[in-house]
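This structure is in structure tokens; I'll ask about it shortly.
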Amino acid sequence: MKLKELSPKAREAYGHSMIDAGMAIFKALILLVTVVPISVIFKSLTDNKDTQVTLVTAIERMSPGEYFMLMSFFFLSLTLGCIFRRRGLLHIHEAERRQ
């Protein structure tokens, strides 16, 4: 069944599910950006070693391929989240306009 053939309520529900998927991606990225650095800092504090672990040194140790892969996944996730959210809003507005 094509999206244009759906009833307005079904189209609105589909739009809400797309918005939810996009927001879940955004929330996961925000958790990744906040929780991972904090957990690295706490891990370095709880270790009894005298070596310091910082995010700058971790990034400096990455190879160009790893850095490119990390940035491409981050950019792809942001793009997909934005696309899902926009398409969901488009379907909701279409459903409202048809009623």
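Numbering of residues begins at 1 and proceeds along the displayed sequence.
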Reported CG-to-CD1 distance for the pair Leu90 and Ile83, which is rounded to 0.5 angstrom
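Spacing of CG (Leu90) from CD1 (Ile83) equals 13.0 Å.
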Assigning hydrophobic clusters by single linkage (Ile, Leu, Val, Met, Phe, Trp, Tyr; side-chain heavy-atom cutoff under 4.5 Å), is Phe26 placed with Leu31?
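No, because Phe26 and Leu31 fall into different hydrophobic clusters, even though each may have its own neighbours under 4.5 Å.
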Do Ile92 and Tyr14 have side-chain heavy atoms sitting under 4.5 Å apart?
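Counting from C-beta outward, Ile92 and Tyr14 never come under 4.5 Å.
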Quick check on side chain to side chain contact (heavy atoms under 4.5 Å, CB included): which of His93, His91, His16 does Arg11 satisfy it with?
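Among His93, His91, His16, the one meeting side chain to side chain contact (heavy atoms under 4.5 Å, CB included) with Arg11 is His91.
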Report whether Phe84 and Phe73 are members of the same hydrophobic cluster (ILVMFWY, side-chain heavy atoms less than 4.5 Å apart, transitive linking).
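Phe84 and Phe73: separate clusters.
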Among Ile25, Ile19, Asp20, which residue satisfies the side chain to side chain contact (heavy atoms under 4.5 Å, CB included) criterion with Met23?
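Option passing the side chain to side chain contact (heavy atoms under 4.5 Å, CB included) with Met23: Ile19.
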Does one hydrophobic cluster hold both Leu89 and Leu78, with members joined at side-chain heavy-atom distances below 4.5 Å?
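In one cluster with Leu89: Leu78, yes.
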May I ask whether Leu70 and Ile30 are part of the same hydrophobic cluster, defined by side-chain heavy atoms of I, L, V, M, F, W, Y residues being less than 4.5 angstrom apart, directly or through others?
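The answer is no; the residues belong to distinct hydrophobic clusters.
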Honestly curious: do Leu29 and Val35 fall in one hydrophobic cluster under the side-chain, below-4.5 Å linking rule?
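Different hydrophobic clusters.
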Can you name the one residue among Arg87, Arg85, Arg86 that meets side chain to side chain contact (heavy atoms under 4.5 Å, CB included) with Met18?
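So, applying the side chain to side chain contact (heavy atoms under 4.5 Å, CB included) to Met18 and each of Arg87, Arg85, Arg86, only Arg87 qualifies.
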Those residues that, when tested against Ala10, pass side chain to side chain contact (heavy atoms under 4.5 Å, CB included) (two or more places apart):
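Scan of Ala10 (side chain to side chain contact (heavy atoms under 4.5 Å, CB included), adjacent residues dropped) gives Leu6, Ser7.
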